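All of these numbers come straight from a predicted model, not from anything done at the bench.
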Amino acid sequence: MASSDLIEMAGTVTQVFQGGNFEVETEEGLKVHAHLAGKLRRFRIRVVLGDKVTVEVSPYDLTKGRIIFRHK
């Protein structure tokens, strides 16, 4: 799937799991299980409970996604 097909949503981290996995509640009210994108892992950007983040979600499965940006 091309990256242009993905849907970007803003949300807040509500739970932190092991291995860089998170539960994000979007502004639309969806709960998304998301993992960190490669650039966030590579540059060791920390994402903690309560952070505002941007999540990319597939249009086919709105329950799984990837965190691509952490807002300050």
[X]: partners by side chain to side chain donor-acceptor pair (under 3.5 Å), with sequence neighbours left out:
| X | result |
| --- | --- |
| S58 | none |
| D5 | none |
| R41 | none |
| K31 | none |

Taking only residues two or more places apart in sequence or in another chain, which ones pass side chain to side chain contact (heavy atoms under 4.5 Å, CB included) with [X]?
| X | answer |
| --- | --- |
| T14 | E23, E25 |
| E28 | M9, T26 |
| I68 | E8, A37, T54, E56, R66 |

Full working for side chain to side chain contact (heavy atoms under 4.5 Å, CB included) between V13 and V48: CA-CA 7 Å; V13 176; V48 295; over 6 Å; no

Minimum heavy-atom distance A34-I67, with the two atoms named: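 Reported closest heavy-atom pair: CB-CG1, 3.8 Å.
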
Where V16 and L49 come nearest, the two heavy atoms and their spacing: CG2-N, 4.0 Å

Pairs flagged by salt bridge (charged side-chain N to carboxylate O under 4.0 Å, His left out) wherever residues 44-55 is involved - sequence neighbours left out: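 Those involving residues 44-55 are D51-R70.
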
Does the side chain of [X] reach to within under 4.5 Å of the side chain of [Y], using non-hydrogen atoms?
| X | Y | result |
| --- | --- | --- |
| V32 | L62 | no |
| V47 | F22 | yes |
| V24 | T12 | no |

Cluster companions of F17 among Ile, Leu, Val, Met, Phe, Trp, Tyr (side-chain spacing under 4.5 Å): none

Residue pairs, two or more places apart or on separate chains, that pass ring pair (Phe, Tyr, Trp, His ring centres under 6.0 Å) and touch residues 28-68: none

